[in-house]
4 protein chains.
Amino acid sequence: MAQKITTDEKILNAFSKLLEENGYTETTTKKIAQAAGVNESTLFRHFKDKEQLVKELVQKYMSDIDTVNAGFIPSGDIVTDLMRVADLYNHFVEAHKALFLIGMRDSFQFPKLKEMIIQLPMKLKKILVFWMTEMKHSGEINGLVNIEITATNYITLILGHALIQNIYTDTGLDISQVDFVQKNVRDFAEHLK
Amino acid sequence: MAQKITTDEKILNAFSKLLEENGYTETTTKKIAQAAGVNESTLFRHFKDKEQLVKELVQKYMSDIDTVNAGFIPSGDIVTDLMRVADLYNHFVEAHKALFLIGMRDSFQFPKLKEMIIQLPMKLKKILVFWMTEMKHSGEINGLVNIEITATNYITLILGHALIQNIYTDTGLDISQVDFVQKNVRDFAEHLK
Amino acid sequence: MAQKITTDEKILNAFSKLLEENGYTETTTKKIAQAAGVNESTLFRHFKDKEQLVKELVQKYMSDIDTVNAGFIPSGDIVTDLMRVADLYNHFVEAHKALFLIGMRDSFQFPKLKEMIIQLPMKLKKILVFWMTEMKHSGEINGLVNIEITATNYITLILGHALIQNIYTDTGLDISQVDFVQKNVRDFAEHLK
Amino acid sequence: MAQKITTDEKILNAFSKLLEENGYTETTTKKIAQAAGVNESTLFRHFKDKEQLVKELVQKYMSDIDTVNAGFIPSGDIVTDLMRVADLYNHFVEAHKALFLIGMRDSFQFPKLKEMIIQLPMKLKKILVFWMTEMKHSGEINGLVNIEITATNYITLILGHALIQNIYTDTGLDISQVDFVQKNVRDFAEHLK
DNA sequence: GATGAATGAGCTTTCATTCAT
DNA sequence: CATGAATGAAAGCTCATTCAT
């Protein structure tokens, strides 16, 4: 039942990997072809040009983003739920790391890209605001909490963490996702009670 | 008393500006020379190679970083002091925007760079930890607060904000530094009381 | 009795059409295949390589050229007969336009081609010389006319016209074949009386 | 007083030469550079792109064309004057052979080019018409001659000759310019008396 | 007999850098 | 000290052609 890996996939995988490591411009078509184990010109038969490779990743990102809603089923417990959101974002970034990175690094070359990248945090913020409003009504969240600000804070926090995690690796400021969730997110959550 | 602007500075300024806008690889020596109003080869007389230009910016960054300590004079009021830290970081990033950006975008090309970039957050964290410990002793900060975690959270927060501010501009998630400090930082501070 | 059009013909037709419009080098095998509605590799199954396509056209040209003799049946009237020769050449060029054009444009790539292309004018010249000699004897053509020179002139004239007609279209110097024959050829003919 | 040959000229000369021999597309930038004895990239410092090289030749052609008027000083003798026109055109074509050829061969790639190429014949035609009108008045040219038609014929004739001369060399139909002028042009002229 | 996938050589162009003046 | 001219290497991309199915 060996799953066949198509040339398209081989190329996209190689591209994605190199993108993470070296950024868009440094990821030459020659290197992609080499990493994918195909001829350089094959690459252009499969994807009209280098930019098309990015667009392909974006498409996947955008279609995946629609599934995020379904991934968040509130438990009613603040700590658990906030952790869930953090993990949701983290997993998504992990799964689309290459795109997340060039969304930062090469956004000037792909002006539309940053708008796509930011859609996930914005969607999560909406989810948070909706959920926090409910939690406030049910008394789980302290009545004095400013939801809009808190939600923004939380998103900024996990975005900052993703940044540290993926760019500033091994710099002394990075904490594992598990630790981050166990400690910092939990700490954040406590304040809302 | 007209301050003469040297060729060195003209080049570095042009380089810095283009770096912000287009990233390292897209900033070609031709463009730098053009923007600086000098001949392309002049550039190489002043700076051994393109990388040297980065190193020059780093040197400035590193020497400036030493002055940060002096910039933080605690007032004793939590909110005020935390705001001060946020502004301190923000101003520093503003003043070294180009470097901050390539620290993210082109870190793979300059492995040592991210270690330098991260030094500021780490230094601020140290300052925070030291200051919070004092505040805890003096009762200004709640005895239950976990200083290490809270400090990390705070740094992550302002780093996340800097990211949004400088990369994801005009995406709907960015708030002005003033608003961020007035609302989100203040909110964060309140929880510590 | 629907005449089936073979793949060979589809390809040759597409090739011929593109050749007229874009010349040999710009007529890529991809475009030929596309225009013919077949797969690019099919093309190579039918014709060993791109040059073979030219050779195929040449063959047709060469076999058609043999029929030219039969196409000229002298009427005895100078004007009528000269017009007939001009039309003969014109029709032939029309029918083999693609080849005529690359005979000019890409002759360096096909050294033998120009020798083939020139065969038609040369054949017509022979016909002319033979016919004019007879006409001179019968008194239709002025005894002082130098046949060799006049024949050369005439051929050069209709070649020049074909050139203007097919290359320098819409440039202000081109006259329709009908006008050319009605006016210029007639004028030329008058001088021989 | 050795005339220095600039790199610009070296490149243009090489380009021009290769153009005559091989046409536009086959004349690769690599070959040009090689023939000019410079590095391929030098070529692009001197001329923005390959097309610019053509434009450069065109400019020369167009500025030279203005001098043609001055080159025709009527003697009053029909034969002499017509010969002069034929020579004028011939010399011009010789001096701009490369352009004349790609004007035919690659006209589809340079749509504006053929309009420029045709300007010389058209200018010569104007000169002819003007001159023939005068000659008709003075009685040198037969009153029955249709000037417009005759001029067109003559231009078509020398264009046809140029074509044969430059493309269909060594094919058996080509006559030397000297012979062409001495025999055919003279013959043509006689008819006008 | 026709196709889709793959290839290597070659194209035009831009890069960072060096050299002579 | 600054420049203009030159360079080799490498970029993205297209070409005619072959091979397995």
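A note on names: the letters A, B, ... follow the listed sequences, proteins ahead of strands, and every chain is numbered from 1.
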Do any side-chain nitrogens or oxygens of [X] fall under 4.0 Å of OP1 or OP2 in [N]?
| X | N | value |
| --- | --- | --- |
| C:N39 | E:dA2 | no |
| B:S41 | F:dT3 | no |
| D:T28 | E:dC11 | yes |
| D:T42 | F:dA5 | no |
| B:H46 | F:dC1 | no |
| C:T7 | E:dA2 | yes |

How many whole angstroms separate atom [atom1] of [X] from atom [atom2] of [N]?
| X | N | atom1 | atom2 | answer |
| --- | --- | --- | --- | --- |
| C:I11 | E:dG1 | CD1 | P | 13 Å |
| C:F15 | F:dA16 | CZ | P | 11 Å |
| B:L43 | F:dG4 | CG | C1' | 15 Å |
| A:L53 | F:dG12 | CG | P | 11 Å |
| A:Q34 | E:dT7 | CD | P | 13 Å |
| A:K30 | F:dC13 | NZ | P | 15 Å |
| A:Q52 | F:dG12 | CD | P | 16 Å |
| C:F47 | F:dA16 | CZ | P | 16 Å |

Which nucleotide in F:dA6, E:dT12, F:dA16 has an atom nearest any side-chain atom of D:R45:
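Closest nucleotide among those given: F:dA6.
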Reading DNA chain E from 5' onward, which residue's closest nucleotide shows up sooner: B:F44 or D:K50?
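Of the two residues, D:K50 wins.
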Between B:E26 and D:K31, name the one whose nearest nucleotide on DNA chain E is closer to the 5' end.
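Taking each residue's closest nucleotide, the earlier one in sequence belongs to D:K31.
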Heavy-atom side-chain proximity of A:F47 to A:L12 below 4.5 angstrom
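The answer is yes, as the side chains (C-beta and beyond) meet within the 4.5 Å cut-off.
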Are any non-hydrogen side-chain atoms of B:I102 and B:L57 less than 4.5 angstrom apart?
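Heavy-atom side-chain distance check fails, nothing below 4.5 Å.
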Can any side-chain N or O of A:E26 pair as donor or acceptor with the backbone N or O of A:G23 at less than 3.5 Å?
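Not a single qualifying donor-acceptor pair exists.
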Would you mind telling me which residue lines up with the more 5' stretch of DNA chain F, A:K48 or D:V38, judged by nearest nucleotide?
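Nearer the 5' end of the strand: D:V38.
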Pairing partner (Watson-Crick or G-U wobble, both distances under 3.5 angstrom) of E:dA20
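Matched E:dA20 with F:dT3 under the 3.5 Å cut-off.
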Can you tell me the base-pairing partner of E:dT12? Count Watson-Crick or G-U wobble geometry only, both distances below 3.5 Å, and say none if there is no partner.
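In the structure as shown, E:dT12 has F:dA11 as its Watson-Crick or wobble partner.
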Distance only, no hydrogens: is a donor on one side chain within 3.5 Å (strictly under) of an acceptor on the other, for B:E56 and B:Q52?
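Distance-only check passes for B:E56 and B:Q52.
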Using distance alone, with no hydrogens and no angle criterion, decide if C:S41 and C:N39 have a side-chain donor and acceptor under 3.5 Å apart.
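On atom types as modelled, these side chains qualify, holding a pair under 3.5 Å.
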